[in-house]
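One-based numbering, in listed order, for ligands and for the atoms of each.
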Amino acid sequence: MHLRTAAARRYAVVLPLLGVLALALAGCSRDQYPQTALLPLSDFARIGDDVQDTTFYWALGVFILVEGALLYSVFRFRGKPEDPEPSQIHGNTTIEIIWTLIPALILAAIAVPTVKGIFETNRTPAGAMKIEVIGHQWWWEFRYPDAGVTTANEMFIPQGKTVELVQNSADVIHSFWPPRFAGKRDVFPGRETRLWWKADSTGLFPGQCAEYCGIQHARMAFHVRSVTPGEFDQWIAHMQSKGPKAPAAAPAGDSLKTASAGAKVQGPGQDSAAGAPQEAEYAKGEKLFMTKGCMGCHSLQAVQAPKGLIGPNLANVGARSHIAAGWLKNTDENLERWIREPQAVKKGVLMPNLGVTVEESRALRAYLRAHQ
Ligand code: CUA
């Protein structure tokens, strides 16, 4: 009777715990963790994941054997108060050799694939497409040297083709980490580091700066947009149309459709009945962009984009999924607020509050939104 209540009490503790565990595990669905290294989407990421799996299964085996032996001994050889003292053992050379040798062999079994993986990930496959990655406080610049195209915070890559990142920093040490595609790689000022991968799938995947780099380190994110090779070529061609402004000023009316000469900027309100007020907003926004100081830090050219600018390139900002280096969804409301009070959105960010009014932020948003 007494024993039965003790067992019941034990179940009363264990069952709710199991319930909580089941609930917690139910939260581990794939969709909820887009930024996980445990669901690799590239050849590079799979090398790391394989090493991780190998290590995990070895550890699991050791855990089950050791804990199993322990539990078995605890129950099988449980002492009773009247038992005599067990015989004492001090030193047993055979056992000591065995328990030194087995871990050494297990470590060797883990070391071989680990070292192999290190060599594999350091060797860039031939024929990879180069992308320059430049870390800035607190955003990412991406340059496609073969196409002469620059963008920021959203990296386009072609699915099924190897990309090679040539990485650098404009200021402090950052770390570029696209968990679904590759491991972390630090970026340094004045030193080049490399990373590569070939994406299996298409989609939009988040990444993160993984080295503390100042107050907004945690909000120095980015996205990798993996698209089919055809879509990638289209995107490059589209970006290549965003060239520098021609020296001769375009007629006033014309500037609506060519924010920078030769640049294909989606006309404001092209597919809208309320075109006229939107065009007015756009023109007002363009003027504000030129006069409010935005130009000092941001370029709207994807082609021949100036190097060394403090702020991210905005050539296609209107089409990006996020703004403020992955921190905010690129909605009209967020974009306006970000322009109006950057210091409230990301305290310490290098973009100062420029005293932009609500009305002005609406016009600037209309102008930037047209830069697709
Ligand atoms: Cu850049 Cu942390």
Notebook entry, point to check: Of all the N, O or S atoms in Glu211, which one sits nearest to atom 2 (Cu) of ligand 1?
Noted result: O

Margin query: Could you check whether Arg191 makes a cation-pi contact with Phe188, meaning its NZ or CZ is under 6.0 Å from the centre of the six-membered ring and within 45° of the ring axis?
Written below: yes

Next item on the list: For atom NZ of Lys130, decide whether the heavy atoms of other residues, nucleotides or ligands shown that lie under 6.0 angstrom number more than 12.
Entry: no

Item checked: Any donor-acceptor N or O pair under 3.5 Å, side chains Asp200, Ser42 -> no

Margin query: Does either side chain, that of His322 or that of Glu154, offer a donor lying less than 3.5 Å from an acceptor on the other one?
Written below: no

Check: Counting backbone and side chain alike, does Ser175 bring an N/O/S atom below 2.8 Å of atom 1 (Cu) of ligand 1?
Finding: no

Margin query: If I take atom 2 (Cu) of ligand 1 as the centre, what angle separates the ND1 atom of His217 from the SG atom of Cys209? Nearest 10 degrees is fine.
Written below: 120°

Notebook entry, point to check: In His174, what N, O or S atom is nearest to atom 1 (Cu) of ligand 1, if we give its atom name?
Noted result: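 Result: ND1.
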
